[in-house]
Amino acid sequence: MEKRQKNIAVCFPFKKEDVNVFARNIKEALSHERVKDVLLAGHSENETYKGIKAFVDTLSEDERSRIHIFTQKRIGSKRPGKGDGMNTAIEYFVKNTDAEYLHFYDADIKSFNKSWIDRVQKRLDDGYDVARCFYPRAYTDAMVTWNITRTGFAYTWPETILPDIEQPLGGELGMTREITQKLIVDSLVRDASDWSIDTALTIAFARYHVKLYEVYIKEGKDHKLYGKLSDLETMAVECFNIIKENKGLKIDTSGMVYEKDRVELVPAEYKTRVAFDIEGSIKEFKEGWSQEMMEIVKRYFPEHISQKVFDAVHGADYTFMDIDMWYEVYDVLMEKFDFNIKAWRRVLFKLWVLRVLNHAEIAIHDPDRALEILHRMIKFFRSRRLSKV
Ligand code: DGY
């Protein structure tokens, strides 16, 4: 068989990682017959960076010549985070390589292997501009995805395909060089230096009317999970904020091709696996309420909600935030939330925790029903907004 042309660059953005897992993933990418370059975009010259550099020194000369390791530049105006890393890598790819396709994978995935590259690349070879992965996830996982991002898309752009995208925050995706050339001059994307980058990219793809394919990776993404919900506080707030900031943006996806793999059966273990420490999260919800936060809740939210929130801080009922109430909360947040005020950021996080606790309570007893409610929530947000516009 004819040897395939090496025309893919694979990038792993990284911060603090298990060097052994990461090194294995680099090896895996290097061993793919079509991978020309491997870009390693580090947050800073930290321990992981040094460990990976030492690992690169042990590789053969050919392998070393295909590795590009660098630290991220300061590109956006938001917190310097994952977005600066991805944007630095996209710019590096455009300016310093001549591969035709750029793929991104998280560095910490234990189940990553080179067949993932094939599965993403197959769709790009078929003519899609962007292919992104989605996975079976624990029914109590993906709580930012469901309750912040997909709901936010349904609220803000109900007539588009955006709310239907399975995992808009996923970090595993591939794209053509043409798309990367658009991204390096797209101010919305360039500015998204923090966790908002995945949302910014998703919005950008919709605005470019890309041909998009979502690839189902059925074996799942075996990676670091989190402990308490507070591990996701910054992410939840930053992901909400970019939607609110762009709520005036007109997006029309009627000219867009969007397809995804069908999910036949979700493996049983995902239904019952609890993705975070519920007790610890309840404790965290109750702690750290400042006077200013209380005032925000009292002043801006309907009384039937604020009263329940205050009761939950001292009492035992913290599972009341159902999808109807979440819509009311979302409505207020879209209008009044102010990212520059710390108390607002904390209030958003606390209310999201209540939403997650309501879902988790159902998921523990009846996972299928809980998943069905998540889907219903997206439909509900969409139809409420469609009836308004
Ligand atoms: C999400 O919600 O998708 C985040 O990755 C946390 O699980």
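Reckoned from all heavy atoms, side chains included, excluding hydrogens, waters and symmetry mates. In this chain, numbering begins with 1 at the start of the sequence shown. Both counts, for ligands and for their atoms, begin at 1 and track the order of listing.
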For atom 5 (O) of ligand 1, state which one of Gln167, Lys221, Arg137 supplies the nearest heavy atom. Arg137
Leu169 side, atom CG; Thr149 side, atom OG1 - distance, nearest 0.5 Å: 4.0 Å
State which residue, out of Phe112, Tyr216, Trp116, fulfils the ring pair (Phe, Tyr, Trp, His ring centres under 6.0 Å) condition with Tyr135. Trp116
Check: Val144 N/O within less than 3.5 Å of ligand 1 N/O: yes
To check your reading of the model: name the closest protein heavy atom to atom 1 (C) of ligand 1, its residue, and the distance in Å. Thr145 OG1, 3.2 Å
For Asp84, run the salt bridge (charged side-chain N to carboxylate O under 4.0 Å, His left out) check against Lys73, Arg74, Lys78 and tell me which one passes. Arg74
To check your reading of the model: name the closest protein heavy atom to atom 7 (O) of ligand 1, its residue, and the distance in Å. Asp141 OD1, 2.8 Å
Which atoms from ligand 1 have a heavy atom of Met143 less than 4.0 Å away? 2 (O)
One should read off an interatomic distance between His43 NE2 and Thr88 OG1, to the nearest 0.5 angstrom, of 10.5 Å
What residues, two or more places apart in sequence or in another chain, satisfy side-chain contact (heavy atoms from CB on, under 4.5 Å) together with Ser306? Val297, Glu303, Phe310
The atoms of ligand 1 lying under 4.0 Å from a heavy atom of Ala142, numbered in the order shown, are 1 (C), 2 (O), 3 (O), 7 (O)
